[in-house]
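The next block holds one structure in the form of structure tokens; read it before the comments.
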Amino acid sequence: MARYITQRLVYLVITMFLIATFTFFLMKFLPGTPLSAADRLSEEQQAIVLAKYGLDDPVPVQYFNYMVNLVQGDLGISFQFDNREVTTIILDRIGPSLQIGFQAMIVGTILGMLLGLVSAIYHNGFLDYGSTFTAVLGQSIPSFVFAGILQYFVGVKLGWFPVALWGTWEHTVMPTISLAIFPLAIAARFMRTEMLEVMGSDYITTARAKGVNKFGVVFKHGVRNALIPLVTVLGPLAIGLMTGTLVIENIFAVPGIGEQFVKSINTNDFPIIMGTTLFFAFFFILIVLVIDLLYGVIDPRIRLAEGE
Amino acid sequence: MDNDKPNKDLFVPVDTRQDDSEKISRPSLSFWQDSFIRLRKNVGAMIGLVVLIILIVMAAIGPSLNEYDQFEQDLSRAKMPPKVENMGWLGMDGTLSTVQTNESLEQAETNALMRFNNDEDHIETTVLNDGSNGEPAEVEAVYDIYAAKDMEGQNFWFGTDGLGRDLFTRAWEGTRISLYIAFLAAAIDMVIGVAYGGISAYYGGRVDNVMQRIIEILVGIPNLVVVILMILILEPGIISITIALTITGWISMARIVRGQILKLKNQEFVLASRTLGAPDGRILRKHLIPNVLSLIIINTMFTIPTAIFFEAFLSFIGLGLPTPLASLGTLVEDGFQSLQIYPHILLFPAIIISLIMIAFNMLADGLRDAFDPKMRE
């Protein structure tokens, strides 16, 4: 197990290094300059500004400095906001993103599991068709389209929740729902498939035969075994949520990382783009790692297979 | 009557033949015929297929169904609501309406009229609640903007956008471009993925090892990040969006193909073919790939909606097609700018993109069930 974790951590470092290098050189080749009014500045002024951001060094030196700073957790200074460190900006904005992300994940998976469970118990019944169709809708309709529908009808027409911005928990409701739809659909489909398979297996027949009541069969014997494979989709779901936050935060004007990222793309704020890219990548790899480890903890058979 | 006693003459002994039990009574079906029969029985998949065909046909002929051009701007007819002749009951009667609430009835009426520039000739007001029961007064005003602009002969079926361009034409042009990007990306993913996975699995050993390490590193990079970075360096356009989508898109295909070919390559029919002297390329093309084909088709069918989503997503965060080109993503993004007052600009592209995604997913689910009944839910 320890060897496995070490190996994965080494992979993590290699991947992060590659991504950092890749983004660094990409940003160097990007068209455009960080100076918004280059033609109006004299040569000296330009040189001063470039020196301030360390852009006057040769590219290899810049790369070396960037890497050294990166290891120390310093992602550079934003071009757009004077003298603000990228690290601080990211840390300032991580809260709202994490909050709606977590809420969506929890609401989505739990409701999705319930939906899938209902589907499996009433297999081929009216409830099954209803929830399967809901799942297909949730999986298909893009989150931003759903957010638009929600914003117009619930926010503007009914006025139940604030249309946008951030502050109270009420502001988190609509972004959370918009984000939760996709995990809900995936969890429901997955749960249904797994439950149907589990309920057809021999140990369920045994449990029935020895007289366990329906509730006990479904929850004690069925659900617990159906949950194991569900853990594998949590990783891709969490990553899907990251994609979702980019648009959802923009639609609902949530001051999160995704909103900052999109804003920086439109203002050529390279340090922030690089910083957030690395941050997203790090988060992504970390989630995959945690899910893989979690899977081993939940299902001992997998741990045995890894330990050979 | 002697009805209940059957006549003995009715019974004739059957001459028994040994090979009767061996006879095949039904026509033998190939794998593809069998799958197709199963697919046809799947209601969801068939609905998906029909919707998809309708949408593709509309994307092909839609832009030329009316006299407007997708780029033709005219600010005097900006943000017209949708109007279809004789279809007023659908809510597409070419009017704008508002409901104003106020403490006093007169103020509510004034507000309602003011909302549409006090153009009283073309405004019909209805008092929903005169405020006598203690609640605030409510007045609804319906504004016939087509009449007000003297454009009664014209019909914009989906309305117009902020620059007065016909949304019907633009919506189907956008569908065309979105589908084009998605099909192209899926096709490229398929070719690269199948080749990569096939070679990696078939040659095995060191080749496989190196190719798998490369995949492991690529998988670790979030595709969202790669796509965005690629778009940043390449100038936005149809081709660069397609390239960005394919850079990481082929990986899942490569993995699936590799897994299947690893399973197949040691089976007897491959050995037989090799014994007969077939070169590697022929074994791959004629024996291995056809056996993985169903999985390749299923995976491609799931890639297409993902590509459509990503294209729309890119447009949404400002990395999409440059103006004035329309794709479903840019149209949806446009719609968000004036969602509160003119929801129709968002409505139609949003419906189309949702329908495409739903239809593709249902068809892909159906195909998966048809090709592999074991995987059936």
Side-chain angles (χ1 to χ4, degrees), chain A residues 11-12 14-16 18-19 22-23 26-27 29-31 119-120 123 132-133 136-137 139-149 151-153 155-157 163 189 192-193 196-197 239-240 242-244 246-247 250-251 258 261-263 265-266 268 273 276-278 280-281 283-285 288, chain B residues 43-44 48 99 213 216-235 302 305 308-319 328-329 332-333 335-336 339-341 343 346-347 349-362 364-365 375-377:
Chain A
Y11 260 121
L12 191 151
I14 295 175
T15 317
M16 284 310 292
L18 284 176
I19 296 176
F22 187 64
T23 40
L26 269 187
M27 291 299 140
F29 290 123
L30 268 188
S119 242
H123 185 40
T132 310
F133 187 64
V136 172
L137 285 189
Q139 187 194 10
S140 305
I141 298 180
S143 54
F144 45 87
V145 169
F146 189 78
I149 299 171
Q151 200 173 33
Y152 184 68
F153 287 104
V156 179
K157 286 278 166 185
V163 175
R189 290 175 63 109
R192 178 175 178 272
T193 319
L196 284 180
E197 204 180 308
I239 290 152
M242 273 163 52
T243 316
L246 287 194
V247 271
N250 268 288
I251 293 172
F261 187 56
V262 176
K263 222 189 271 167
I265 288 175
N266 293 323
N268 271 5
I273 301 179
T276 23
T277 306
L278 284 177
F280 274 134
F283 209 67
F284 172 96
I285 300 170
V288 175
Chain B
V43 182
V99 175
R213 291 296 87 74
E216 252 161 57
I217 290 171
L218 285 177
V219 159
I221 306 172
N223 67 338
L224 167 72
V225 168
V226 180
V227 169
I228 291 176
L229 289 178
M230 286 317 291
I231 297 279
L232 281 175
I233 27 172
L234 306 165
E235 289 295 298
F302 279 113
I308 291 178
F309 170 79
F310 253 104
E311 184 276 319
F313 169 80
L314 285 174
S315 306
F316 208 88
I317 60 175
L319 292 171
L328 289 175
V332 170
E333 208 261 330
F336 264 100
L339 172 67
Q340 299 205 6
I341 308 171
L346 174 67
L347 183 68
I351 290 178
I352 295 175
I353 195 171
S354 305
L355 276 181
I356 293 182
M357 302 272 295
I358 294 169
F360 264 114
N361 277 322
M362 293 206 322
D365 279 345
M375 276 161 75
R376 199 181 206 128
E377 290 175 15

Exercise for the section: Check each atom of A:F261 against the heavy atoms of chain B and say whether the ones under 4.5 Å are side chain, backbone, both or neither. Expected result: side chain
Completion exercise
dist B:N361:CG -> A:R189:CZ (nearest 0.5 Å) comes out at 7.0 Å
Completion exercise
All heavy atoms of A:V145 vs all of B:S354, minimum pair found to be CG1-OG, 3.7 Å
Exercise for the section: Provide the closest heavy-atom pair for B:F309 versus A:S143 in the form atom of the first, atom of the second, distance. Expected result: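 Looking at all heavy atoms of both residues, the closest pair is CE1-N, 4.3 Å.
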Handout entry: ring pair (Phe, Tyr, Trp, His ring centres under 6.0 Å) partners of A:F283, counting only residues at least two apart
Key =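 In terms of ring pair (Phe, Tyr, Trp, His ring centres under 6.0 Å), with neighbours along the sequence ignored, A:F283 is linked to A:F279.
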Exercise for the section: Could you tell me whether the side chain of A:S140 reaches within less than 4.5 Å of the side chain of B:P305, counting heavy atoms only? Expected result: no
Exercise for the section: Flag the pair B:M357 / A:I141 as yes when at least one side-chain heavy-atom distance between them is below 4.5 Å, and no otherwise. Expected result: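 They are not in side-chain contact.
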Problem - Best-contacting candidate, A:L246, A:L137, A:I14, A:I149, against chain B by heavy atom pairs under 4.5 angstrom - result: A:L246
Practice task
Using non-hydrogen atoms and a 4.5 Å limit, figure out which bit of B:I358 sits close to chain A: side chain, backbone, both or neither.
Solution key: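 Looking at B:I358, backbone and side chain both touch chain A.
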Exercise for the section: Please look at B:F313 and chain A and tell me whether the side chain, the backbone, both or neither of the residue comes under 4.5 angstrom of a heavy atom of that chain. Expected result: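 Looking at B:F313, backbone and side chain both touch chain A.
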